[in-house]
Amino acid sequence: MNRYDIVIIGSGIGGLVCGGILSKEGYRVCILEKNKQTGGSLQTFAREKVIFDSGVHYIGGLDKGQNLYQIFKYLGLMDKLKLQKMDEDAFDKIIIGNDQKVYRQAQGYENFIKNLVVDFPDEETAIRNYCCKIKETCSKFPLYNLRTNGLYEEKADVLTLDTHSVITSLTGNTTLQAVLAGNNALYVGIPDETPFYVHALIINSYIESAWKCIDGGSQIGKVLTKTIRDAGGEVIRHCEVKKIVTEDDVVVYAESADGSRYYANQFISNVHPAKTMEMTDAAVIKNIYRKRIRNLPHTISSFLLHIVLKKNCFRYARHNYYYHKEGQIWNLADYTEDNWPLGYALFLPPSSKTGEYAEAMTIFTYMRYEEVAPWHDTFNTVSAENKRGTAYDTFKKYKAEILLDCVEEKFPGLRNCIQSYTTSTPLSYRDYIGNYDGSLYGVAKDYKDPLKTFVSPRTKIRNLYLTGQNINIHGVLGSSISALLTCVSLLGNENVVEKIKNA
């Protein structure tokens with residue numbers, strides 16, 4: 001019999017961090033992963049011996065004493081990761097339509113202010129107020145600050161602020177507004193919807209410190225997998241859970257596609273909450289809850305172009321580029337077939353061999369799932385390879401060339417540096433990550449009804465917990481904090497938070 005203290009379904013960053021924390025707390029953990037590779041969006045792949053990240057292109061909060069640093073240090077990650085700190089004066093560069101200037105978002109709040117004031121000399125007060133608003137908002141979230149004291153009321157007053165309104169209230173300069181929101185593809189910024197706290201929690205982490213993983217983010221998953229195994233646990237790949245079987249409102253075992261059963265005292269699902277509910281027919285999960293979870297709104301998906309560059313052709317830079325057409329910063333997801341893409345992000349992944357020139361480039365833009373709906377019934381991963389057909393290949397090629405035309409406007413000569421490229425669509429995200437529609441960041445938050453998209457880590461099933469990006473916010477930091485919240489709920493005390501804070 002496969003018997004453990006805790007079984008975790010899914011090895012995304014949330015599941016792995018839960019597994020790492022609980023292993024260090026003395027539990028025997030088993031993680032069940034359907035894919036060949038662990039890590040969820042941390043997964044990497046290679047083309048022509050060049051490594052690409054599938055989802056995580058940079059990470060914030062990793063300077064000594066910062067929140068993700070403390071979590072990673074506690075988990076034994078910090079001295080094992082190959083990291084590169086991004087440009088202190090520009091972790092992100094913002095490009096706007098026909099504007100010839102390139103605007104810089106810098107690390108460190110005073111440096112962030114100083115660099116923007118160069119381009120907006122009359123807006124220093126607005127920029128300072130913006131930074132104060134971010135820091136004030138972040139201070140309202142206890143676990144984000146690795147503390148446990150603090151009630152819901154503490155953050156209630158910031159949950160109902162929306163990003164667009166806050167930024168536009170601080171300055172009437174539309175160019176500065178566009179720069180401050182210039183990397184909103186990090187969270188799919190939508191006016192009159194996206195809460196300001198989502199913007200603040202994410203942007204703050206990068207202003208504090210911004211990093212890239214040399215040779216890809218999959219190293220995080222590999223180290224955490226080893227940590228769990230070294231503690232006597234298991235991480236089992238190619239193991240897709242199909243059923244969560246309960247008796248008397250308690251999970252007894254998780255059953256995989258091949259009929260294997262995995263028993264434990266406690267269970268955590270790192271799978272989308274709606275998918276999790278589909279796995280169990282427990283009567284204690286009422287239909288009204290199932291319907292609410294199933295109908296939660298999702299963020300848009302994406303189209304990615306992964307480029308292998310010719311040798312010594314495109315200079316490497318320790319920053320990213322975010323481009324949007326003038327006047328479109330808040331409408332990037334509302335593209336039409338005729339004006340797509342309205343914006344994109346450009347990432348240069350570092351490798352152990354990176355010097356003056358880049359080996360690779362990833363270009364990211366939004367794409368709605370409906371565009372790939374004709375191939376909805378196909379499925380293709382490394383573990384289950386299936387071709388989607390020539391029409392799909394033609395579609396991807398067509399979209400890639402349109403995107404390249406757009407990028408060439410700001411990066412003339414790029415095509416001459418391309419050795420080869422591959423693409424990812426919403427179907428790639430759907431198949432590898434396991435959501436319904438390739439959603440980039442899971443459940444879409446709405447400031448007008450913050451409780452509507454709140455998903456508790458606890459469920460009505462007494463020993464089943466949820467974790468991952470849908471519980472809190474997305475990204476490596478967001479999912480790690482979600483994992484911490486799940487562990488606090490499961491352990492029934494907050495002692496682990498103090499251990500992490502003092503690691």
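Residue numbers start at 1 and run along the sequence shown.
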Could you check whether atom [atom1] of [X] has more than 12 heavy atoms from other residues, nucleotides or ligands sitting under 6.0 Å from it?
X	atom1	answer
Glu48	CD	yes
Asn98	CG	no
Lys243	NZ	no
Asp281	CG	no
Lys452	NZ	no
Lys286	NZ	no
Lys85	NZ	yes

Looking at [X] and [Y], what are the two nearest heavy atoms and their distance?
X	Y	answer
Pro273	Leu466	CB-CD1, 4.1 Å
Pro350	Tyr316	CB-OH, 3.3 Å
Tyr103	Val179	CG-CG2, 3.6 Å
Asp334	Leu342	C-CD1, 4.3 Å
Thr168	Gln177	CG2-OE1, 3.5 Å
Ala178	Ile94	O-CG2, 4.3 Å

Any luck finding a side-chain donor-acceptor pair between [X] and [Y] under 3.5 Å?
X	Y	value
Thr378	Tyr392	no
Ser260	Asp258	yes
Asn320	Asp92	yes
Gln107	Glu208	no
Ser439	Thr299	yes
Ser218	Thr44	yes
Asp393	Thr390	no

Does a side-chain N-to-carboxylate-O contact under 4.0 Å join [X] and [Y]?
X	Y	value
Arg388	Asp431	yes
Arg261	Glu255	yes
Asp446	Lys448	yes
Lys325	Glu409	no
Arg430	Asp437	no
Glu240	Lys242	yes
Lys353	Glu359	yes

Any donor-acceptor pair under 3.5 Å from [X] side chain to [Y] backbone:
X	Y	value
Asp87	Ala317	no
Gln43	Gly40	yes
Asn35	Tyr432	yes
Asn386	Phe379	yes

Practice problem: Step by step, work out the salt bridge (Lys or Arg N to Asp or Glu O under 4.0 Å) result for Glu371 and Lys399. | Solution: CA-CA 11 Å; Glu371 293 207 55; Lys399 288 292 187 178; 3.0 Å; yes
Side-chain contact, heavy-atom cut-off 4.5 Å: [X] with [Y]?
X	Y	answer
His324	Ile96	yes
Arg47	His306	no
Tyr262	Ile236	yes
Phe395	Val372	yes
Tyr130	Ile203	yes
Gln469	Ser479	yes
Leu305	Thr362	no
Gln105	Asn183	yes

Practice problem: Run the numbers on Val455 and Leu296 for side chain to side chain contact (heavy atoms under 4.5 Å, CB included), then give the verdict. | Solution: CA-CA 10 Å; Val455 180; Leu296 287 172; 4.0 Å; yes
Exercise. Taking the six-membered ring for Trp and the full ring for Phe, Tyr or His, determine whether the centres of His164 and Phe196 are under 6.0 Å apart.
Key: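 No, too far apart.
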Quiz item: What do you reckon, are the aromatic ring centroids of His199 and Tyr187 less than 6.0 Å apart?
Solution: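 Yes; Tyr187 has its ring centre under 6.0 Å from that of His199.
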Nearest-0.5 Å distance that lies between atom [atom1] in [X] and atom [atom2] in [Y]:
X	Y	atom1	atom2	result
Thr381	Lys36	OG1	NZ	10.5 Å
Ser420	Lys310	OG	NZ	10.5 Å
Ile8	Ser269	CD1	OG	10.0 Å
Cys18	Tyr465	SG	OH	11.5 Å
Tyr447	Thr453	OH	OG1	13.5 Å
Met279	Met277	CE	CE	9.5 Å

Students often mix this up, so state it plainly: with edges at 30° and 60°, are the rings of [X] and [Y] parallel, tilted or perpendicular?
X	Y	value
Tyr344	Tyr323	parallel
His298	His272	perpendicular
Tyr58	Phe347	tilted
Tyr321	His319	perpendicular

Exercise. Given side chain to side chain contact (heavy atoms under 4.5 Å, CB included), test Phe267 with Ile461 step by step and report yes or no.
Key: CA-CA 10 Å; Phe267 293 77; Ile461 300 173; over 6 Å; no
Quiz item: Can Tyr429 and Leu304 be said to form a side chain to side chain contact (heavy atoms under 4.5 Å, CB included), step by step?
Solution: CA-CA 11 Å; Tyr429 275 94; Leu304 284 90; 3.5 Å; yes
Practice problem: For the pair Ile418 and Leu404, evaluate side chain to side chain contact (heavy atoms under 4.5 Å, CB included) and give the outcome as yes or no after the intermediate values. | Solution: CA-CA 11 Å; Ile418 296 175; Leu404 279 173; 3.8 Å; yes
Quiz item: How far apart are the C-alpha atoms of Cys417 and Cys313, what are their side-chain angles, what is the distance that settles it, and do they pass the disulfide bond (SG atoms under 2.5 Å apart) test?
Solution: CA-CA 6 Å; Cys417 291; Cys313 190; 2.1 Å; yes
